[in-house]
There are 2 protein chains.
Amino acid sequence: MLDALGDPTRRVILETLRTGGPCSVGGLAERVPVSRPAISQHLKVLGAVGLVQHESRGTRNIYRVHQAGLGELRSWLDQFWGDALQAYADHVQRTEEGK
Amino acid sequence: MLDALGDPTRRVILETLRTGGPCSVGGLAERVPVSRPAISQHLKVLGAVGLVQHESRGTRNIYRVHQAGLGELRSWLDQFWGDALQAYADHVQRTEEGK
DNA sequence: TGCTTCGGTTAGTGGCAACTTACCGTTCGT
DNA sequence: ACGAACGGTAAGTTGCCACTAACCGAAGCA
């Protein structure tokens with residue numbers, strides 16, 4: 001999941017799909033400065049973690065962003081966020097006690 | 001930001017700090033199966049994007065998770081989340097029209 | 001003031017992953 | 001049925017980054 005988002009090119013692909021809407025593989029290859037096979041491989045990774053979804057229309061595959069993977073990231077972030085706040089509160093607590 | 005979270009070892013370090021609370025560099029090196037310099041380098045990266053914060057106490061540096069970096073990630077995710085839902089709604093709309 | 005502990009930095013290496021080139025199957029058009 | 005367009009896959013190369021070993025400075029303790 002976060003591994004998939006770790007690559008800059010994959011983020012560009014996601015951003016392209018997000019702002020430009022659903023797009024074919026060839027279409028993405030025109031907008032993103034890498035070869036078509038590279039796009040294909042990245043889409044495979046993004047699809048494996050549920051960040052994109054594809055739909056066959058004729059010979060072309062239309063890819064779009066998908067929320068499935070985002071949910072996992074969101075819950076992870078929410079938990080992390082809560083714990084970070086808690087940790088900060090504890091830290092302030094101890095600091096206040098020790099002054 | 002997402003580059004920092006892209007590395008598994010860095011996520012282990014973050015997870016260790018999150019669940020185990022603030023810790024020194026040497027302490028992290030004992031819990032995470034990499035050398036101390038590696039820990040140091042990862043902490044530098046994590047600190048640069050505001051995911052951890054350190055506090056010098058004597059000769060040792062105590063690291064803790066920090067919310068600064070999480071905020072950026074959260075806003076990015078929220079925006080992405082909204083757009084994904086919107087894109088899905090549009091897709092359903094077109095699908096319904098075309099049936 | 002040595003001696004030790006702790007930690008950041010540098011130099012160098014190894015492994016992985018992102019990329020391209022080439023190939024092949026599939027589907028549409030004529 | 002033939003050719004073209006589209007896209008997934010395989011093989012091979014390259015560049016980057018995570019890691020270790022070695023060195024150095026800073027702060028506590030006798």
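Protein chains get the first letters and strands the later ones, always in sequence-line order, with residue 1 at the start of each. Here the structure is a predicted model, which is why all the values come from computation and not from measurement.
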The side chain of [X] is closest to which nucleotide in this list: [options]?
X: T9(B); options: dC19(D), dG7(C), dC19(C); value: dC19(D)
X: V34(A); options: dT20(D), dC19(C), dG8(C); value: dC19(C)
X: Q41(A); options: dC19(C), dA21(D), dG7(D); value: dC19(C)

Separation of [N] [atom2] from [X] [atom1] (nearest whole Å):
X: L43(A); N: dG8(D); atom1: CG; atom2: P; answer: 7 Å
X: L28(A); N: dC19(C); atom1: CG; atom2: C1'; answer: 17 Å
X: I62(B); N: dA27(D); atom1: CD1; atom2: C1'; answer: 14 Å
X: R11(B); N: dC17(D); atom1: CZ; atom2: C1'; answer: 15 Å
X: I39(A); N: dC6(D); atom1: CD1; atom2: C1'; answer: 14 Å
X: E55(B); N: dA27(D); atom1: CD; atom2: P; answer: 16 Å
X: R10(B); N: dC19(D); atom1: CZ; atom2: P; answer: 8 Å
X: D7(B); N: dA18(C); atom1: CG; atom2: P; answer: 13 Å

Given [N], is OP1 or OP2 found less than 4.0 Å from the side-chain N or O atoms of [X]?
X: R36(B); N: dA21(D); result: no
X: N61(B); N: dG8(C); result: yes
X: H42(B); N: dC19(D); result: yes
X: Y63(A); N: dC6(D); result: no
X: S24(A); N: dG7(D); result: yes
X: R60(B); N: dC6(C); result: yes

Inset, instruction - Answer yes or no: is there an ion pair linking R74(A) with E72(A), defined by an N-O contact shorter than 4.0 Å? - result: no
Legend entry - Check: V65(A) and Q53(A) side chains under 4.5 Å, non-hydrogen atoms: no
Legend entry - Short side-chain to backbone donor-acceptor contact, R10(B) and L5(B), under 3.5 Å: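 No: the side chain of R10(B) does not pair with the backbone of L5(B).
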Legend entry - Touch class at under 4.0 angstrom, heavy-atom based, for R57(A) against every strand present: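 Result for R57(A) = nothing.
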Legend entry - Non-hydrogen atoms of I39(B) and A29(B) that approach each other most closely: CG1-CA, 4.0 Å
Inset, instruction - Between T59(B) and G58(A), name the one whose nearest nucleotide on DNA chain C is closer to the 5' end. - result: T59(B)
Legend entry - Along DNA chain C (nearest heavy atom to each residue), the more 5'-positioned of S35(A) and K44(B):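 Going by which nucleotide is closer to the 5' end, it is K44(B).
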Legend entry - Atom CD of E15(B): over 12 foreign heavy atoms under 6.0 Å: yes
